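Structure first, commentary second.
Proteins come first, then strands; the chains are lettered A, B, ... in the order of their sequence lines, and each starts at number 1. Below, each value reflects all heavy atoms present in this structure, side chains not excepted, and no hydrogens, waters or symmetry copies. Note that this is a predicted model, so its numbers are computed, not measured.
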Amino acid sequence: MDCSLARTLVRRYCAGEENWVDSRTIYVGHKEPPPGAEAYILQRHPDNRIVSSKYTFWNFIPKNLFEQFRRIANFYFLIIFLVQLIIDTPTSPVTSGLPLFFVITVTAIKQGYEDWLRHKADNAMNQCPVHFIQHGKLVRKQSRKLRVGDIVMVKEDETFPCDLIFLSSSRGDGTCHVTTASLDGESSHKTHYAVQDTKGFHTEEDIDGLHATIECEQPQPDLYKFVGRINVYNDRNDPVVRPLGSENLLLRGATLKNTEKIFGVAIYTGMETKMALNYQSKSQKRSAVEKSMNVFLIVYLCILISKALINTVLKYVWQSEPFRDEPWYNQKTESERQRNLVEYIFTDKTGTLTENNMEFKECCIEGHVYVPHAICNGQVLPGASGIDMIDSSPGTSAREREELFFRALCLCHTIQVKDDDDVDGPRKSPDSGKSCTYISSSPDEVALVEGIQRLGFTYLRLKDNYMEILNRENDVERFELLEILSFDSVRRRMSVIVKSATGEIYLFCKGADSSIFPRVIEGKVDQIRARVERNAVEGLRTLCVAYKRLNPEEYEGICTLLQAAKVALQDREKKLAEAYEQIEKDLVLLGATAVEDRLQEKAADTIEALQKAGIKVWVLTGDKMETAAATCYACKLFRRNTQLLELTTKKIEEQSLHDVLFELSKTVLRHSGSLTRDNFSGLSADMQDYGLIIDGAALSLIMKPREDGSCGNYRELFLEICRNCSAVLCCRMAPLQKAQIVKLIKLSKEHPITLAIGDGANDVSMILEAHVGIGVIGKEGRQAARNSDYAVPKFKHLKKMLLVHGHFYYIRISELVQYFFYKNVCFIFPQFLYQFFCGFSQQTLYDTAYLTLYNISFTSLPILLYSLMEQHVSIDTLRRDPSLYRDIAKNALLRWRVFIYWTFLGVFDALVFFFGAYFMFENTTVTSNGQIFGNWTFGTLVFTVMVFTVTLKLALDTHYWTWINHFVIWGSLLFYIVFSLLWGGIIWPFLNYQRMYYVFIQMLSSGPAWLVIILLITVSLLPDVLKKVLCRQLWPSATERVQTKNQCLSVEQSTIFMLSQTSSSLSF
Amino acid sequence: MTWSAAARGAHQPDNTAFTQQRLPAWQPLLSASIALPLFFCAGLAFIGLGLGLFYSSNGIKELEYDYTGTAGPGGCSACALADRGRAPPPPCWCAWHFSLPELFPGPVYLYYELTNFYQNNRRYSVSRDDAQLSGLPSALRHPANECAPYQRRASGLPIAPCGAIANSLFNDSFSLWHQRRAGGPYVEVPLDRTGIAWWTDCHVKFRNPPPVNGSLALAFHGTAPPPNWPRPVYALSPDPNNTGFVNQDFVVWMRTAALPTFRKLYARIRQGNYSAGLPRGSYAVNITYNYPVRAFGGRKLVVLSNISWMGGKNPFLGIAYLAVGSLCILVGFVMLVVYIRYQDQNDEDEDEE
């Protein structure tokens, strides 16, 4: 019996496994299919619970602690703390325990609070009531109890509780409107269609009688892809099979609009919904600063361990005493992600460089060019629907063609009309034609339809599968919409098949010139091609329009072809593409349109600045080469003297890829071979610029691994070429190729920091791939912004963000990191030296209070404020002079040279503190009454000098003194003094030792102590001052030059101001 | 207000000068033109100070004598030999004779110096109980654990004062004798044994336990002296104000030294004829040799020194000030050269740009 149970389990498991790979079958309303259909396989699906929280009440403490102690610094301090707890140590465990406890607690509270919020949100979502049908009745249930197969009713403005297959709607035509604002940020209404065979079920009873199964793929995160099949079992045994696509799928998180209620069957629930799958966390991006810091931390750990070893060994050599632990104390540091040091920027063109605010410029019909005018802020002035005819007035046959062209543009699109019926009722008159707003996922379409509106043809609406347009005579023409062959980026065209009122069937096709011209058999191809190319060079986006008249037989053929492809469960996309290929041929070319996508405000300025800053800008676009190149010229990515290198399909067809690559690299390298090194650092503007243009096909050839497996060869060559080009334009890129390019550069041998910026869904992959991903909140929805690390409204903000904030951030974070290491070297090294004078007995030099508070309060606030406030040059200067960015390029301030300088400075200062005090105390008294100081006075003297030196060192580094800086720097010195006076001024009843009693005050009562404090501070700061002054004088960086210049300017200005004041007062 | 904040969007920071980084600021620049005068001024000031310090340190006289007994003709070698092996060593006396050709200007201070004595050893320096030393009766009977192994005697009696520092109290004593004329009698120079410890130490930090029936000895009843002490703590001095925990020799000893070679103040000479200093003549320092140092390779010295405003003789400060001052001047000149030389070049560069 056990055996059989096990076997069943195994079988079930295997079946599940099989289904996981394949597809899932859903029994609508949990009704088993009639016998004879397929075997009933029980499938287990998760319930509809959404869990975004990380912790539960029970596992919070262990799990959170585990997470936190995975960080190297935290773990280190935990070990130190534990060691101090276990054995007798010179410093109390509080010394390292308190800061650790503080950090851990604050982090835990923060994370706990965040998780509590997530729990709350989850609960609210999981418990919200859902209506669903049970035995023909409407039942309310909590959302989390929903199961796959349940039939759900959703009312207007409700959010779908899970992914549903749309069965029927209260609207007669079986459609509903949905906004996916919370999914991808697109607030436009999208139309979804109910399954044909079920759209008649309007009541609960009806829907309960439905007997059907759904087969669909296993859940996957792509929001826009879905294939499935529904089998509806009617009274007859033969089930009706219908295809299901993403138009039948209602996603969790979307909201029902403009529809009273809908019925749907749950297919994906809980964590399997597309929304939940999209929440899956991205991998943590790590910054260069963090990496450098970790290396430094490890170096210091090694130094620490070696110090401990030296002392331990020496201790045993010196005297055999019981082993003690080392009291070394280091500082925990933390840093955030950065957005600076970027060496490569990958930018999308449309919507990022350009406004994505399309404007219909002109159309060319049969070689005649039409230009609409009277455009006022994108709105047409009433009555100004005239056309400027550039060419002579066409004849009647041409006029027919012209009207056909306009009709084609009016019909061939997927625009929805948003009619504000209720509120704007009186304004809505069929004549004015401007009360309705067009909504589409493609701004080009809107621009075209609006442009055509200005030319006299107005698209009114789609009603009951009839498209209504208003022609020039203000008559409504109705076309029955038969099929839409929707747009995709591979085909680069779309078509509609419509039936006119007279019964004629037309296919209108609109698409990129490259995809239309080969399919045209008639029309003035040459004239139009010439015009299209001219427009493309001007940077306009061009589309060609063609048509074909179909007779009913042909249409029947097309219908069956499409139906066959649509029902296919496997390779549906491919089959559809093949069908489209067959349908869209033998077209008659009508004309072409040109739409202008204006450059974003200051895009050129931004690109120029970024290039001056030494950042390489790559434009990755799906547009055609000519358009993209024109945009690149317009935004000054390519300048007039830029020599363009082309690596395009056309060129590769002529020569082999191998030859082209080698030729290009020869051109580039010949030049760079003659370069001297300082060209890289200098600003030589007259060097030859190279710009590379590569298209998607060529790129995929380069990326394709060769037969012998040595794929690196071409890539290396390609990278070499790219490295020597100041600008690269990649056109005709598929979204995945964009990510490929980013990855290629990211993993090249210099490991540069990459930044990707884009606005559309096609940029998401590259945004995720780059070190820094920036989303432009644009017209193409918020997908890019949602996946980005930073979101900006305009491309021009990139300039300030990188050159100003990035620069500041880098200056601040690098100072923070280095300074933290520096001040702890100063802190610990005297302690180390002291071991040589106390028999390696781990005697602490400083009092416990000083040990604990040094990093917490005496020296923490100044550097904190520095890292918040520092502006070594003004914002305006940074923005005006982008070349300053070169000073910090390639992690310049965190390189070994700088690190070693800071470390040596720290060691030098520590030596000065310690030996200064040592020689001071050696063998003599320093008071005028002959009394002697002890070891705590010695430590306090060292500590006092140290606190002052370390704080003043930061003061020397500060270039931007706001009142807060003054307050904090002088305040923390004052705090140290006040604290020391207080700490030593009272017998503290809770302490079991009083070793600091009056030590500080006694020290200050001695004149030589003051003198030595001044002397040692001076000596410690001297090398740094010297270095600063000499470097500024001898090898000034660009930043320092600018600082000096500004200083002079401000002096001059104030002089001029004073003079003018004087003169004006004189004139009185 | 909250409403308007919400309307602007929750993620938008407040538009203050702080969050927008627009606080007015002073933007100093450490350039050569500022640094040069700074260096010269600092250099001159330091040299001036250094000269003053150097001369005042040079004016201080110091006389020291190593009485450990391993070398030298003094009688202390006999004592040193006698101390070997036996503990406690038998009392032994020796003397250091010296003569002053001229007045040793006052005030004169008498120090003892120990070398190679690690008072700063951690286990040694924590071995004390400040609560007990502050006269807390409960702590007197129950010394802190840090004192171990000098916490309790084998008999179980608590040790007062407990701990290793107290146990190792320096117990040599000195007296100074003056012979005005050759062959004349030696007159004892009065040594002021008070005021050698910090005032706060022997008046606040160190307190005797409250006397029982007016007797300090009874207050210490039930405690034992540290093992190395020949007499209990309340009998350290016949002076009732200078005995017990507030005995100044004891307090001085309890302030642990920073370095293994250290001096501690023994007495001040400021009374009678000797307030202006030690007149010329022959002198003898009679030493009661008790403290064993040869076991750890240490040395004992007795030091007579006078003191200026800057304390004892210490040429370091003066020399350091002189050196740093000269360095500043030197660097100043180097920078001046660099400044003049490269200023023009920089200007040219800028002109070229």
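- No part of B:A144 comes within reach of chain A, as not one of its non-hydrogen atoms sits under 4.5 angstrom from that chain.
- Here the side chain of A:Q931 pairs a donor or acceptor atom with the backbone of B:A197 at under 3.5 angstrom.
- B:L23 has its side chain out of reach of A:Q871: every pair of non-hydrogen atoms, C-beta onward, lies at least 4.5 Å apart.
- For B:S308, the part lying under 4.5 angstrom from a heavy atom of chain A is the backbone only.
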Evaluate A:F837 against B:T261 for side-chain contact (heavy atoms from CB on, under 4.5 Å), listing each step before the verdict.
CA-CA 9 Å; A:F837 298 92; B:T261 299; over 6 Å; no
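- Classified by interplanar angle (parallel below 30°, tilted 30° to 60°, perpendicular above 60°), the ring pair A:F933/B:W198 is perpendicular.
- Taking chain A as the reference chain and counting heavy-atom pairs below 4.5 Å, the highest number among B:I307, B:L133, B:V126 is found for B:I307.
- The two residues B:F316 and A:V1012 come nearest to each other via the heavy atoms CE2-CG2, 4.4 Å.
- In this structure a side-chain-to-backbone donor-acceptor pair under 3.5 Å is present from B:D130 to A:Q994.
- The shortest distance between side-chain heavy atoms of A:Y993 and B:E146 does not fall below 4.5 Å.
- Between the side chain of A:Y998 and the backbone N or O of B:K205 there is no donor-acceptor pair closer than 3.5 Å.
- A donor-acceptor pair is defined here as one N or O able to donate and one able to accept, closer than 3.5 Å; such a pair exists between the side chain of B:Y111 and the backbone of A:G930.
- Taking 4.5 Å as the limit, every side-chain heavy atom of B:L265 sits out of range of all side-chain heavy atoms of A:T925.
- Most heavy-atom pairs under 4.5 Å with chain A, from the set B:E62, B:E113, B:K264, B:Q119: that is B:E113.
- Between the side chain of A:Y834 and the backbone N or O of B:A258 there is at least one donor-acceptor pair closer than 3.5 Å.
- When the heavy atoms of residues 36-49 of chain B are compared with those of chain A, the residues falling under 4.5 Å are B:F39, B:F46, B:L49, listed by number.
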